[in-house]
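So that the names make sense, note that chain A is the first sequence line, chain B the second, and so on, each numbered from 1. None of the values given here were measured: they were computed from a predicted structure.
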2 protein chains.
Amino acid sequence: MMELTRKGEYAIRGIVFLASRPPEQICLLSDIAAAVDVPPTFLAKIFQQFSKIGLVKSYRGTGGGFVLGRSADKITLLEVVEAVEGPIVPNRCVINKGECARDATCNVHPVWVDVQHRVRDILNEVTLQKLAGTNPPK
Amino acid sequence: MMELTRKGEYAIRGIVFLASRPPEQICLLSDIAAAVDVPPTFLAKIFQQFSKIGLVKSYRGTGGGFVLGRSADKITLLEVVEAVEGPIVPNRCVINKGECARDATCNVHPVWVDVQHRVRDILNEVTLQKLAGTNPPK
DNA sequence: CATAAAAAGACTTATAATGTCTTTTTTGTG
DNA sequence: CACAAAAAAGACATTATAAGTCTTTTTATG
């Protein structure tokens, strides 16, 4: 239960790798994909999502590629995960009230809210800088 | 992300309902299903899983049905969820070492372990008694 | 033995995950 | 300007999982 999908796994690997490179160095998608062992076409989709919300900056054409959209200590694991997996919602009823007809009487609801907050808090404390930390750039 | 499946949702509804009934009263699966608005055949599968691990006790034949396997204050939400959803593992790499080749260098791993523990702790604190509490038996 | 109920297993359908392929757009370079 | 290099976009294919149904079997009771 509560399992990260492969997409999420790949997303993390990819952007952590990018964070481990010198900040101004433009990385080819194909290089990243090879380095973190992810199908390049799939990683492309993921990085497109990153790009749309500014987690990475993309350059097209010759000499193009990707760099982080912000410094690695300003990007959290929470952002990365939610970028590709969507919001963290342990149960549908947490998304919006009224979703669950039992709302008023449902004692389980607050538990899921609690879970949601705890998980988000944990992931929000972890920055890409920390994650890239002891993986020194080769 | 991290969403409970419908099966899990149904499982909780079903067993919480059972917990809200007088402890010795044998409940028909069909009655439970109707009360919590779940397809009876699907709920049957769920209760079979419960039965196997003793969360509920089943009686077959005429006059048969289900009762809780233990008192409601001795059954946790964690048990219920894991019974039908499997163990709570935010990432494959948490299941067993060696799963992830990057193991040693992976800084993300401990984060998932942390998430796993927090979530389990939260769910482990919640008993069926609490959940059934303010839902008085009709 | 007839009936009521759960257990078990095979099966179907729907949805989401995972991934590929092709075409288009953008950009730098000879 | 033409070409090549790269990402963006969209359509497509495949596989896995979720969700649910149906049929048959087992067990218990009156």
Side-chain angles (χ1 to χ4, degrees), chain A residues 1-15 18 25-34 36-69 81 83-87 89-92, chain B residues 1-15 18 25-34 36-69 81 83-87 89-92:
Chain A
M1 190 216 169
M2 317 204 84
E3 214 161 308
L4 196 69
T5 66
R6 219 161 293 182
K7 187 177 177 186
E9 168 74 22
Y10 292 167
I12 295 170
R13 280 199 225 160
I15 202 168
L18 190 57
Q25 181 182 329
I26 294 182
C27 288
L28 286 183
L29 182 78
S30 53
D31 289 348
I32 304 173
V36 300
D37 192 29
V38 170
T41 54
F42 199 5
L43 194 65
K45 296 296 182 192
I46 293 168
F47 269 64
Q48 282 171 29
Q49 291 186 259
F50 283 160
S51 180
K52 276 180 188 157
I53 60 174
L55 285 189
V56 304
K57 214 155 54 175
S58 75
Y59 299 97
R60 294 162 83 153
T62 308
F66 294 91
V67 296
L68 283 187
V81 168
V84 297
E85 300 270 16
V89 278
N91 198 355
R92 287 171 245 284
Chain B
M1 190 219 172
M2 317 203 85
E3 214 162 308
L4 196 69
T5 66
R6 217 162 296 178
K7 188 177 176 185
E9 167 73 22
Y10 293 167
I12 296 170
R13 281 199 225 160
I15 202 168
L18 191 56
Q25 181 181 330
I26 293 181
C27 287
L28 285 184
L29 182 79
S30 54
D31 289 347
I32 304 172
V36 299
D37 192 29
V38 169
T41 53
F42 199 5
L43 193 65
K45 295 298 183 192
I46 293 167
F47 269 63
Q48 281 171 29
Q49 290 187 260
F50 284 161
S51 180
K52 275 179 190 158
I53 60 174
L55 286 189
V56 303
K57 212 154 56 177
S58 76
Y59 299 96
R60 296 162 83 150
T62 307
F66 294 91
V67 296
L68 285 187
V81 168
V84 296
E85 301 270 15
V89 278
N91 199 353
R92 289 171 244 282

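- Counting non-hydrogen atoms under 4.0 angstrom, F47(B) reaches nothing in the nucleic acid.
- Along DNA chain D, read 5' to 3', the first and last nucleotides having any atom under 4.0 Å from a heavy atom of chain B are dA19(D) to dT29(D).
- One finds the CD atom of E3(B) at 9.0 Å from the CE atom of M1(A) (value rounded to the nearest 0.5 Å).
- Put simply, the side chain of E85(A) gets close to the backbone of T5(A): a donor and an acceptor are under 3.5 Å apart.
- Taking every heavy atom of both residues into account, G64(A) and L28(A) meet most closely at O-CD2, 3.4 Å.
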Test side-chain contact (heavy atoms from CB on, under 4.5 Å) on L43(B) and R13(B); report intermediate values, then the result.
CA-CA 10 Å; L43(B) 193 65; R13(B) 281 199 225 160; over 6 Å; no
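- Taking a 4.0 Å limit (strictly below) on heavy-atom distances, residues 49-63 of chain A reaches DNA chain D at S51(A), K52(A), S58(A), Y59(A), R60(A), G61(A), T62(A).
- With rounding to whole Å, L28(A) atom CG is found 14 Å from dT27(C) atom C1'.
- Summarising the geometry, the separation between CD on Q48(A) and P on dT24(C) is reported as 16 Å, rounded to the nearest angstrom.
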Going by atom type alone, with no hydrogens or angles, which donor-acceptor pairs under 3.5 Å involve a side-chain atom of residues 46-53 of chain A and a protein atom two or more places apart or on another chain?
from   : atom 1 : to     : atom 2 : distance (Å)
Q49(A) : OE1    : K7(A)  : NZ     : 3.0
Q49(A) : NE2    : A83(A) : O      : 3.3

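- Here the closest non-hydrogen pair linking V84(A) and G8(A) is CG2-CA, 3.9 Å.
- Considering only residues two or more places apart in sequence or on other chains, Q25(B) meets the side-chain hydrogen bond (donor to acceptor under 3.5 Å, both in side chains) condition with none of them.
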Treat primed atoms plus P, OP1 and OP2 as sugar-phosphate and everything else as base, then score nucleotides 12-19 of chain C 5' to 3': B for base contact with protein heavy atoms under 4.0 Å, S for sugar-phosphate contact only, - for none.
------SS
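- Between I15(A) and L68(A) the shortest side-chain heavy-atom distance falls below 4.5 Å.
- For T62(A), there are no side-chain hydrogen bond (donor to acceptor under 3.5 Å, both in side chains) partners, not counting sequence neighbours.
- Taking CD1 of I26(A) as the reference point, atom NZ of K57(A) lies at 9.0 Å (rounded to 0.5 Å).
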